[in-house]
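Here the structure comes first, spelled out in structure tokens, and everything after it is commentary.
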Amino acid sequence: MAFQVKLPDGSSRKYQEPIAIMDIAQEISRGLAKNAIAAQWNGKAVDLETKIEEDGDLKILTFDDEKGKDIFRHSSSHLMAEAVQNLYPGVKFGIGPAIQDGFYYDFDSDHVFTPEDLIAIEKEMARLAAEKSTYQRSVVSRKEALEHFEKIGEIYKVEIIRDLPEDAEISLYRQGNFTDLCAGPHVPSTDRIKAFKLMSIAGAYWRGNEKNKMLQRIYGVSFPKKAQLDEYLLMLEEAKKRDHRKLGQELGLFAMMEEGPGFPFFLPKGMILRNALENYWRNLHEAWGYQEIKTPIILNRSLWEQSGHWDHYQENMYFTKIDDMDYAVKPMNCPGAILVYKHDLHSYRDLPIRVGELGLVHRHEKSGVLHGLMRVRCFTQDDAHIFMLPSQIKDEIKGVIRLIDEVYSLFGFSYHLELSTRPEKAMGSDEIWETATSALREALEEEGLSFKVNEGDGAFYGPKIDFHLRDCLGRTWQCGTIQLDFQMPEKFDIHYIGEDGNRHRPVMIHRVAFGSIERFIGILIEHFAGAFPTWLAPVQVRLMGISDKHLPYLEGIEQEMKLAGIRVELDRRNEKIGYKIREGQTMKIPYCLVAGDKEMEGNTLSLRRFGQGDLGAKPVEEIIAMVLEEIELKK
RNA sequence: GCCGCAGUAGCUCAGUAGGUAGAGCGCAUCCUUGGUAAGGAUGAGGUCAGCGGUUCAAUCCCGCUCUGUGGCUCCA
């Protein structure tokens, strides 16, 4: 009967009688028992009240563990559901999982929830938490479960049960008067959930399908301690200050106008930033063996029919007529690039051919998805198409992965990778897909990169690797992408002359590094919170005098800096130095340089570097050299 | 596209139990020439998103449209 429980620290405990996990936690330390949320028993998440009666590995989960956080949040969603059930009888329940940072629950209710309701629900949650109800698990048969939920009209739960696999164990969890279909586990009792806040209400389709009914989703966050909630809310507030839409307005970078929803306007300062990025892009791609082209925005119908876009992408395209003929505004650059390839005859000796284009594309995105610069209806892809021999695939993919990594590393971005495989509706044979997918997979593995696989999420013409970056609120946006394409070369019947003198089909890669200049700028703004590195800063240096009499001195320096290629502004306003400094700081200008009598005398400038404060007087030439060094870095 | 919320001066926002509006910043003019995050005075600025309806009267109430916003779905 004796059995042994191994703990993560390598120690183990021996027991003669079955024992509840909670009691083991209690034995280890009272603190641990107090913080325990649930446990992992032989790798499986279980409740603390689970009794152990055989050898195995045990880990007590707390809020410090990712899994522990999930369980805590999931229990919170049950608590919220109970509160909603009490306050709004007749509400039907969808699902209520834990998510990144919090939880939600979907409700089907005739009552439309308002922000005031959220406060009432929070109050009810607090009351229920104080009741210290335990979360009790029970295992029932499929029949019992169906009968129970059918009886109380929980149609969504019934649907879920019907879709569970035949052999699935069906468990219910009950706390207070609320019983939910749930695999668990949960925290031991409701009073564990000490701090929570309901954040927002949103519509969400049942089971994520837009053909289904839209339910009302309430989002919340929860923590074991009030201080953690406060810290989270503060962090959120800070994050919102980095929002690129807010900073874009404050720093005068770009604007959205009612006259063109989803079509961003770049203001002079934003254009400087954009051009700096594009210059960097051009130099980088030249170094990596790319040639640059520019193809038209409007091309005729037959091209789009040939590419398949006319049939497969029409709802996202804009159209126009010229001389009574149909034309489309390009949603992608590839057909243009292929026409460029076809324009000349190519030898196998010329491959790979890498053709880049900063291509402006227009796509009709649904109105509800537009989001600042992150999701727009016209954007510039830093596109490139690589035409190559089948034998060059893996090396080319590796090259692109390295190039994109070089770009993201320059800005200090961390990213995650996703490999998307064959979708249901795909063109081409399974064999081609297999070859293409494994080429991508092997390239990733040989580069030593970890990635997530998205089964069935590839483009209709080929599998892809996506690079995802985070915004200030942790939402991820796809930026870079590498897509293999065996279809377009077929459709456009492109070829190269092989060693044997015959025509052969090249393989094609579509790839972007920034993704879109617009989205990338959005990410950049949030990443740097508007305080760009000097080489990107719209204004690199602002000169300011203590009084008007120092203006002539500064004009000379302004001229000198301009000639040196520095983006410099002279603040000529009749204001005190504190006022000018303040504005220089709020505009996050890297170098604010002040001149007064002292500086004029010594041919110096007093330097204030953004983020470092007043650094004192330095010779003008020294400062110019400093600035130039930062600029040259990426020119 | 769908569900919720919002739209007042260039910007950030207040406001009216329905009687055509106010602050701060910014801008202009004047005073001030001041050493590192806001010196002072005066002034200009609004079809209260648009269109309809109710009303003696609508920025306010109702409807529709547009735009933004948080999500869902969809995608760089």
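In the text below, chain A, chain B and the rest are named by the order of the sequence lines, each starting its count at 1. Hydrogens, waters and symmetry mates are skipped; everything else that's a heavy atom, side chains included, is used.
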Donor + acceptor pair across side chains of A:T604, A:E599 (<3.5 Å) |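 Checked: A:T604/A:E599 side chains show no N/O donor-acceptor pair below 3.5 Å.
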Do A:D117 and A:H111 have side-chain N/O donor and acceptor atoms under 3.5 Å apart?
->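 Per modelled atom types, A:D117 and A:H111 side chains form a pair under 3.5 Å.
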Expressed as a whole number of angstroms, how long is the span from [X]:[atom1] to [N]:[atom2]?
| X | N | atom1 | atom2 | result |
| --- | --- | --- | --- | --- |
| A:L360 | B:A76 | CG | P | 16 Å |
| A:D597 | B:U33 | CG | P | 14 Å |
| A:R207 | B:C3 | CZ | P | 22 Å |
| A:E575 | B:A28 | CD | P | 10 Å |
| A:Q249 | B:G10 | CD | C1' | 9 Å |
| A:M256 | B:A6 | CE | P | 23 Å |
| A:L118 | B:C3 | CG | P | 19 Å |
| A:D571 | B:A38 | CG | C1' | 13 Å |

Reckon [X] touches a base, only the sugar-phosphate, or nothing at all at heavy-atom distances under 4.0 Å?
| X | result |
| --- | --- |
| A:V512 | nothing |
| A:A204 | sugar-phosphate |
| A:G596 | base |
| A:G368 | base |
| A:K598 | base |

Does [X] place a side-chain N or O at less than 4.0 Å from the phosphate oxygens OP1/OP2 of [N]?
| X | N | answer |
| --- | --- | --- |
| A:Y219 | B:C3 | no |
| A:Q585 | B:A38 | no |
| A:H371 | B:G70 | yes |
| A:R245 | B:G70 | yes |
| A:R375 | B:C74 | no |
| A:Q381 | B:A76 | no |
| A:Y579 | B:G26 | yes |

Chi-based syn or anti call at B:G45, which uses purine or pyrimidine torsion atoms and a 90° bound |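 With its glycosidic angle within 90° of zero, B:G45 counts as syn.
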Do the side chain of [X] and the base of [N] come within less than 3.5 angstrom through a donor-acceptor pair of N or O atoms?
| X | N | value |
| --- | --- | --- |
| A:Y205 | B:G1 | yes |
| A:R363 | B:C74 | no |
| A:E599 | B:G35 | yes |

Looking at B:G71, B:A76, B:A37, which one has an atom nearest to any side-chain atom of A:K464?
->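 Side chain of A:K464 sits closest to B:A76.
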Classify the angle between the aromatic ring planes of A:F514 and A:Y280 as parallel (below 30°), tilted (30 to 60°) or perpendicular (above 60°).
->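 Tilted.
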Fit a plane to each ring of A:F113 and A:Y88, take the angle between them on a 0 to 90° scale, and name the class: parallel (under 30°), tilted (30 to 60°) or perpendicular (over 60°).
->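 Because their plane-to-plane angle is over 60°, the rings of A:F113 and A:Y88 count as perpendicular.
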Mapping A:S200 and A:E365 to their closest nucleotides on RNA chain B, which lands nearer the 5' end?
->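 Looking at RNA chain B, the more 5' nearest nucleotide goes with A:S200.
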Toward the 5' end of RNA chain B, by each residue's nearest nucleotide, A:H364 or A:P261 =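 On the 5' side of the pair lies A:H364.
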Can you check whether A:F379 stacks with the B:A76 base, using ring centres under 5.5 Å and planes within 30°?
->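 Here the ring of A:F379 and the base of B:A76 are stacked, with centres under 5.5 Å and planes under 30°.
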Just by distance, do the side chain of A:R245 and the backbone of A:H371 share a donor-acceptor pair under 3.5 Å?
->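 Checking the backbone N and O of A:H371 against the side chain of A:R245, no donor-acceptor pair under 3.5 Å is found.
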Decide, yes or no, whether a salt bridge links A:R217 with A:D106 under the criterion of side-chain N to carboxylate O below 4.0 Å.
->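 Judged by the 4.0 Å cut-off on N to carboxylate O distance, A:R217 and A:D106 do form a salt bridge.
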Quote, to the nearest angstrom, the C1' distance that separates B:C48 from B:U59.
->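 The same atom, C1', in both gives a distance of 4 Å.
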Closest non-hydrogen atom pair between A:A202 and A:Y219, with its separation |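 So the two residues come closest at CB-CE1, 4.0 Å.
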